[in-house]
There are 2 protein chains.
Amino acid sequence: MDTLRSFQLLSLFFLVFTFSASVFAFNMPRLGTQRKTTQHEPQTTSSISNLQDLKTYYYTQTLDHFNYRPDSYTTFKQRYVINSRYWGGANASAPIFAYLGAEESLDDDLPIIGFLSDNAPRFKALQVYIEHRYYGKSVPFGSMEAALKNESIRGYFNSVQAIADYAAVLLHIKKKLSAENSPVIVVGGSYGGMLASWFRLKYPHIALGAVAASAPILYFDTIAPQAGYYSIVTKDFKETSESCYETIRESWAEIDRVASKPHGLEALGKRFNTCNRLNGSVDLKDYLDAIYTEAAQYNHPPTYPLSVLCSAIDGASEGTDTLGRVYAGVVAYMRNHTCYDMDFYNRPTETHEGWNWQTCSEMVMPIGHDSKDSMFPPAPFNLNKFINECKSLYGVMPQPHWVTTYYGGQDLKLALHRFGSNIIFSNGLRDPYSSGGVLENISESILAVTTVNGSHCLDILVAKPSDPQWLVMQRKTEVKIIEKWIANYHDDLLAFK
Amino acid sequence: MDTLRSFQLLSLFFLVFTFSASVFAFNMPRLGTQRKTTQHEPQTTSSISNLQDLKTYYYTQTLDHFNYRPDSYTTFKQRYVINSRYWGGANASAPIFAYLGAEESLDDDLPIIGFLSDNAPRFKALQVYIEHRYYGKSVPFGSMEAALKNESIRGYFNSVQAIADYAAVLLHIKKKLSAENSPVIVVGGSYGGMLASWFRLKYPHIALGAVAASAPILYFDTIAPQAGYYSIVTKDFKETSESCYETIRESWAEIDRVASKPHGLEALGKRFNTCNRLNGSVDLKDYLDAIYTEAAQYNHPPTYPLSVLCSAIDGASEGTDTLGRVYAGVVAYMRNHTCYDMDFYNRPTETHEGWNWQTCSEMVMPIGHDSKDSMFPPAPFNLNKFINECKSLYGVMPQPHWVTTYYGGQDLKLALHRFGSNIIFSNGLRDPYSSGGVLENISESILAVTTVNGSHCLDILVAKPSDPQWLVMQRKTEVKIIEKWIANYHDDLLAFK
């Protein structure tokens, strides 16, 4: 299991052929607002009506905000999308809600992000959605592949440049709409939640406040424990079902035992109905690891996929052996397929390609397994190995201390207790990434809003009639906080303009 | 007078030969902590004893903090200097006072900056002085000339990279001294004062507070009136002596009248005892403009050079004509020379070269003359002309909106009233650059400390027995504010660590 890989594994399809990489050990679970296995589920009525009111624009964005070499003046087209249906207008200084895109195309976000559309009528807010550079339709030099292949182009692909993009786009929109006095609230989830909180800290003159949903801003450098993520996954499984946890815990050795026998891999492939021959037990283990972490991270109501998974494992007919139970879990979680594709989580997508580069340069999140009580075999994060692999892939060193240098994080409470304002750090405590989140109030207006049962990014997704009371309350709390920010802002506006 | 140039005029020596520039109209008075005409004056006893305790170090600094191209990993040696004589040590969490160098060699600052050395014993503070990239001994690629000549090297020479340097150096020092809990107070004057305030805003996790002396952070974009600088110069002269003001006001036309006669330039050169032939009346007018702005900006006690200048103009024997009076002022201000060098303020120094690049890329400060009541003939700031000249000199466009995009400034009070903390904006109201300064308290701990009679950067210079009471009080006020920051910090340290 020491080579266990996760969703964040560098895409073989793209990278092996481009950089002739060999073996990686990137144990970084996928970030993102929704789980891969629910993408393209039917949309709710509210998200459909929001989509109909959206207008798309392109801003001519500067490639390098922090340099004055002639090539830094290169520009690219950055996509942003506006819904002005509910906006109270510039004269009323009505607010602007801005969703800061993360490591995916805006097309993936628009149908599922509900925080803006659900609250726009109440706040008379303009809705703005801005795509992150190098994703979706905001890719310089034509394609992600071209942009990432070229070592002098991919360097500009990082979070500091991205939030400077957001600053430029937001100032442009405010100017275009003569909305200089409209307060901006930025919203983001997961990596986008980090961007939202960092944006409020670095550009307080542009954003009045930030909703940072499930933002693991402390999962950098030596702040959060490296095993934090996987210990919450373990805890989630244990709390859901002790026997499910036990079955999984025992399964890894069993997989290896079967694999090591003559024709063992074939036997394993048959038992798990894999679409292709297994090249090693690691293929199966990575696939299972991805399912378990995804199930824990996105354990959303009303379906609660983690419960579905464990129910199947526990509910297998008596006498079913460990591997049979685990397979029953796979079938229940992934639903019925003619066969199961071990590469499902490793398919080369732009999110894969892009985020792999981002983790190999700036966003080094040291996530590892420890042994204590874990459902997973030990696999500590190995920084040196990580650095070497990144170096051989991309030719440059990852900068593991840069995020904490530029954005801070060490002793966050001490640093921010009397500095800054207007950030909501929301977390569901069942989300493994909450182990790197801000779970305590930092000051009167830098606030943690947590829910015991919440999962990754749940609060900013489209509200549904089936949402449980605790989720409805979490969103209400957030709305009340934002109302106070805006009321204070309007007081200040009267006083200082 | 429409081509009137100032100290900031691009150095002919260097630039004409490098870029074959023709005519410039950069009306930007020099920033900096001390006036050119008092450089190399004898040092006070306190500064001498501080110099003896200084130790010099070099940090391997990253050239580009915001990029991951292979060439961004280039490094250079950045100089910093430490005096640990009074430091209370890491165990006591004793503070670190860090002077952020500006557009000059650290060698120029060390003998004159007194705020750190004068207050170190009281605070048991470690003194750190960090040189700004591309100045002094911190110049990448060997020399300022080489660094500036190369279009792909000079791009990294900007304030955003510079404050990221300071972040890296300060974290390095804290780590080296195990001083993670020692609060850092950053101090800077003029451009360095801007850097100090921006550093506190952008890196609050590294600096607990900032003393931003004479920092014209609002002299960007369209925030401060463009004529603000020169109207304070005019006001200073008028308040010192109405007749002195009148003489100077009348002199420009008189200079042009004489110059336009046959052999007029020769006659002018003779009357002003110039070392070289005048090429045009503009040479003399630029020289006088530089003297007047310098005299106003650095009108320090106990000598008060502006009074010296005006006393001489007013005190010329009865019947002396306008030009004779102006010349008497020059002699008194510049002291006796065998002749007067019209290029005195335009000599090519690294401050000249460096700051010219900085203003032509990032630090676009639109300073112009207006006509209303001014002692100077009208010469409004012409952004298009400025942009074209910079473009032809350096091949890239200045970015006049970037400073306000990245650091803010528009509606500063509205933006920061409930955001941020622990910045002192100190200004002397006789300093023409105070027209771009923060002169009002923004919040409980973002404070303006002003003095009616103060000049540029006076409060952070070495204290002298001759200092007037108002200056002593200004420094006391600043010290008390910092004491409160540090007391609060130690409370927070107990609570949160």
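Here is how names work: the chains are called A, B, and so on, in the same order as the sequence lines, proteins then strands, and each is numbered from 1.
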Q: Taking A/R133 for its side chain and A/Q61 for its backbone only, find out whether a donor-acceptor pair lies under 3.5 Å.
A: no
Q: Please tell me whether A/F157 and A/Y135 form a close aromatic pair, meaning their ring centres lie under 6.0 Å apart.
A: yes
Q: Please state whether the side chain, the backbone, both or neither of A/Q161 comes within less than 4.5 Å of a heavy atom of chain B.
A: side chain
Q: Could you tell me whether the side chains of B/Q358 and B/Y134 share a donor-acceptor contact shorter than 3.5 Å?
A: no
Q: Does B/K202 make a cation-pi contact with A/Y203, if we ask for NZ or CZ under 6.0 Å from the ring centre and within 45° of the axis?
A: yes
Q: How about residues 400-415 of chain A versus chain B: which residues have heavy atoms under 4.5 Å apart?
A: A/W402, A/T404, A/T405, A/Y406, A/Y407, A/G408, A/D411, A/K413, A/L414, A/A415
Q: Where on A/Y73 is there a heavy atom nearer than 4.5 Å to chain B: the side chain, the backbone, both, or neither?
A: side chain
Q: If we count only N and O atoms by modelled type, under 3.5 Å, do the side chains of A/D165 and A/H65 hold a donor and an acceptor together?
A: yes
Q: Just do the side-chain contact (heavy atoms from CB on, under 4.5 Å) check on B/T359 and B/M365 with the steps written out, would you?
A: CA-CA 7 Å; B/T359 57; B/M365 301 178 81; 5.8 Å; no
Q: Between A/H172 (side chain only) and A/A168 (backbone N and O only), is there a donor and an acceptor less than 3.5 Å apart?
A: no
Q: Between A/L493 and chain B, which part of the residue has a heavy atom less than 4.5 Å away: side chain, backbone, both or neither?
A: both
Q: Can you tell me how far the CD atom of B/E362 sits from the CG atom of B/N158, to the nearest 0.5 Å?
A: 4.5 Å
Q: Is chain B contacted by the side chain of A/D64, its backbone, both, or neither, given a heavy-atom distance below 4.5 Å?
A: side chain
Q: Is the NZ or CZ atom of A/K391 both under 6.0 Å from the centre of the six-membered ring of A/F386 and within 45° of that ring's axis?
A: no
Q: Tell me which of these, B/L201, B/I206, B/L170, has more heavy-atom pairs under 4.5 Å with chain A than the rest.
A: B/L201
Q: Determine the option with the most heavy-atom pairs under 4.5 angstrom with chain A, choosing from B/P204, B/A167, B/P183, B/A164.
A: B/P204
Q: With side chains defined as the heavy atoms from C-beta onward, is the minimum distance between A/Y166 and A/Q78 less than 4.5 Å?
A: yes
Q: Mind listing the closest non-hydrogen atom pair of A/L63 and A/P140 along with its distance?
A: CD1-CG, 4.1 Å
Q: What's the separation between atom CZ in B/F141 and atom NZ in B/K149, rounded to the nearest 0.5 Å?
A: 14.5 Å
Q: For A/F496, is it the side chain, the backbone, both, or neither that has a heavy atom closer than 4.5 Å to a heavy atom of chain B?
A: side chain
Q: Flag the one option from B/E180, B/Q399, B/H205, B/E151 with the top tally of heavy-atom pairs under 4.5 Å to chain A.
A: B/H205
Q: Quick check on A/N422 against chain B: is it the side chain, the backbone, both or neither that has a heavy atom closer than 4.5 Å?
A: neither
Q: A/V160 versus chain B, heavy atoms under 4.5 Å apart: side chain, backbone, both or neither?
A: side chain
Q: Of all of A/S361, A/A495, A/G395, which one pairs up most often with chain B through heavy atoms under 4.5 Å apart?
A: A/S361
Q: Who among B/S72, B/P398, B/S421, B/S159 has the most heavy-atom pairs with chain A under 4.5 Å?
A: B/S421
